[in-house]
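Note on naming: letters A, B, ... go to the chains in the order of the sequence lines (proteins, then strands), and numbering restarts at 1 for each one. The figures that follow rest on heavy atoms only: side chains count, while hydrogens, waters and symmetry mates do not.
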Number of protein chains: 2
Amino acid sequence: MRSSQLREKLSASGLKITPQRMAVLEAVHRLKDHPSTEKIIAHVQKAHPNIAVGTIYKILETFTDKGLLSKVKTEQERMRYDVVTQRHHHLYCAETDRIEDYMDEELSAMLEEYFRHKAIPGFEVKDLRVEIKGHFLKEQPH
Amino acid sequence: MRSSQLREKLSASGLKITPQRMAVLEAVHRLKDHPSTEKIIAHVQKAHPNIAVGTIYKILETFTDKGLLSKVKTEQERMRYDVVTQRHHHLYCAETDRIEDYMDEELSAMLEEYFRHKAIPGFEVKDLRVEIKGHFLKEQPH
DNA sequence: GTACCTGCAAAAGATTTGCATCTTT
DNA sequence: AAAGATGCAAATCTTTTGCAGGTAC
């Protein structure tokens, strides 16, 4: 994603464009696999050692508030982040800490359809996401 | 759930029956809505002020290892726990911190069926769970 | 009796906060 | 110029750890 696009994202959210925010935004876009706060801090500070840890925490909170990022929940560990894009599901590996996005329009559509017909008493459904747990296969059979 | 049943649960998992473990097990069974560690500690210590916080952490970890409890992931907060029973899904309220179990055999079956036919390349599916986000309705229409 | 548990208190981490200073708009 | 951000360091909070003593089996 180009730098100008990142700038736009910030402006569109009503945030001032600062080098610190640009650095964090670039980091979360570059780091795949749902980086932890720790990874984000390391990545940002590699290029900008002068950016304070406290600032990065504040920026991540701001981004989450503004909907630029979402927090991903993990069972064992600390917070991890996800760039907000379209609806997707998550693959969780039971053995490693890997989390991967899983796009599946058909699955999303099936679930939406399901809940269009089946109401949950006393609850209004806004978003649906499947947690798929299992493990990544070491090698593809051939 | 009766005390004798809780004892059995411990024995069946190869754990020694101690008053501390009984207290924690009772607490997580009594506290609905996926209690946080904090809530569990408060509940346990109300009746047994002498049980150490460190011990409760250790017990929760042991229970999770043995499969008596599972950790529930939340976006905003700390760890929360869930008594392991049958497969179920979770309703997350966007406004409050409420998490509720949602049993739906039909939904579970539909997902299983779906993934029996649709393989995810390089990933073996072990468990499926739907995160349903939205909000609880204040009042039932009548 | 032995293996396993617990209590305690210290340590380790992660995240938050307050405030003076600096930047973006 | 004003509003909003940042840097720094201290404070807070949660969770983990080590170990001596205790308890269930």
Side-chain angles (χ1 to χ4, degrees), chain A residues 3-4 6-27 34-45 47-66 68-69 71-81 97, chain B residues 3-4 6-27 34-45 47-66 68-69 71-81 97:
Chain A
S3 163
S4 60
L6 297 180
R7 272 165 211 285
E8 252 175 59
K9 272 197 165 196
L10 289 178
S11 299
S13 302
L15 297 174
K16 292 184 176 168
I17 296 164
T18 67
Q20 293 86 344
R21 284 179 178 163
M22 287 298 290
V24 172
L25 200 50
E26 269 173 38
H34 310 79
S36 58
T37 313
E38 197 188 351
K39 284 235 175 79
I40 295 169
I41 291 171
H43 190 272
V44 167
Q45 293 197 329
H48 313 269
N50 44 319
I51 297 182
V53 169
T55 300
I56 298 177
Y57 273 102
K58 282 173 193 160
I59 289 174
L60 288 172
E61 198 193 340
T62 304
F63 285 0
T64 304
D65 287 349
K66 294 293 182 181
L68 294 178
L69 297 179
K71 294 180 174 178
V72 176
K73 306 158 286 176
T74 82
E75 283 170 12
Q76 304 301 334
E77 311 147 72
R78 307 278 154 185
M79 207 49 76
R80 296 193 29 198
Y81 292 89
D97 64 349
Chain B
S3 163
S4 58
L6 297 180
R7 273 165 210 285
E8 251 174 60
K9 273 198 164 195
L10 288 178
S11 299
S13 303
L15 297 173
K16 290 185 177 167
I17 296 164
T18 67
Q20 293 85 345
R21 285 180 177 162
M22 287 298 290
V24 172
L25 200 50
E26 269 173 39
H34 309 79
S36 58
T37 313
E38 196 188 350
K39 284 233 177 80
I40 294 169
I41 291 171
H43 190 271
V44 168
Q45 292 196 332
H48 313 269
N50 45 319
I51 297 182
V53 169
T55 299
I56 298 177
Y57 273 102
K58 282 172 193 160
I59 290 174
L60 289 172
E61 197 192 342
T62 305
F63 285 0
T64 305
D65 287 349
K66 295 291 181 181
L68 294 178
L69 296 179
K71 295 180 173 178
V72 176
K73 305 159 289 175
T74 82
E75 282 168 15
Q76 305 300 335
E77 313 148 72
R78 308 279 154 186
M79 206 48 75
R80 294 188 36 194
Y81 292 87
D97 64 349

**Q** Using atom CD of A:Glu61 as one end and atom C1' of C:dA14 as the other, report the distance to the nearest whole Å.
**A**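 It works out to 14 Å between those atoms.
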**Q** Using a 3.5 Å distance criterion without hydrogens, assess whether the side chain of B:Arg21 forms a donor-acceptor pair with backbone atoms of B:Lys16.
**A**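 Present.
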**Q** Taking the side chain of A:Ile59 as heavy atoms from C-beta outward, which of D:dT6, D:dT16, C:dG7 is closest to it?
**A**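 In terms of side-chain proximity for A:Ile59, the closest of D:dT6, D:dT16, C:dG7 is D:dT6.
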**Q** How long is the span from the OG atom in A:Ser13 to the CG atom in A:Leu25, to the nearest 0.5 Å?
**A**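 Reported to 0.5 Å precision, the distance equals 9.0 Å.
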**Q** Do side-chain atoms of B:Gln45 reach the backbone of B:Asn50 as a donor and acceptor pair under 3.5 angstrom?
**A** no
**Q** How many whole angstroms separate atom CD1 of B:Ile51 from atom C1' of C:dC8?
**A**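 From B:Ile51 CD1 to C:dC8 C1': 14 Å.
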**Q** Would you kindly give the NE2-to-P distance between A:His48 and C:dT23, to the nearest whole Å?
**A**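 Those two atoms, NE2 and P, are 16 Å apart.
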**Q** Check for a donor-acceptor pair, side chain of B:Thr55 on one end and backbone N or O of B:Ile51 on the other, with a separation under 3.5 Å.
**A**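 Not at all, since once roles are kept as given, no pair shorter than 3.5 Å links the two residues.
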**Q** What string of B, S and - do you get for nucleotides 19-25 of chain D 5' to 3' if you count protein non-hydrogen atoms under 4.0 Å?
**A** B----BS
**Q** Whole Å only: how far is the CD1 atom of A:Ile41 from the P atom of C:dT16?
**A**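 To the nearest whole Å, that distance equals 11 Å.
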**Q** To the closest 0.5 Å, what do you measure between CD1 (A:Ile41) and OH (A:Tyr57)?
**A**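 With rounding to 0.5 Å, CD1 (A:Ile41) is 4.5 Å from OH (A:Tyr57).
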**Q** From CG of B:Leu60 over to P of C:dC5, roughly how many Å is that when rounded to an integer?
**A**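 From B:Leu60 CG to C:dC5 P: 15 Å.
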**Q** How many Å lie between OH on A:Tyr57 and C1' on D:dA10, as a whole number?
**A** 16 Å
**Q** To the nearest Å, how far apart are A:Asn50 CG and C:dC22 P?
**A**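 In whole Å, C:dC22 P and A:Asn50 CG are 15 Å from each other.
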**Q** As an exercise, state the distance from CD1 of A:Ile56 to CD of A:Glu61, rounded to the nearest 0.5 Å.
**A**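 Spacing of CD1 (A:Ile56) from CD (A:Glu61) equals 14.0 Å.
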**Q** Measuring to OP1 and OP2 of C:dT23, would you say a side-chain N or O of A:Gln20 lies under 4.0 angstrom away?
**A**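 Indeed not, no polar side-chain atom of A:Gln20 lies that close.
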**Q** Tell me: CD1 of A:Ile56 to C1' of D:dC8, nearest whole Å?
**A**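 Rounding to the nearest Å, CD1 of A:Ile56 and C1' of D:dC8 are 14 Å apart.
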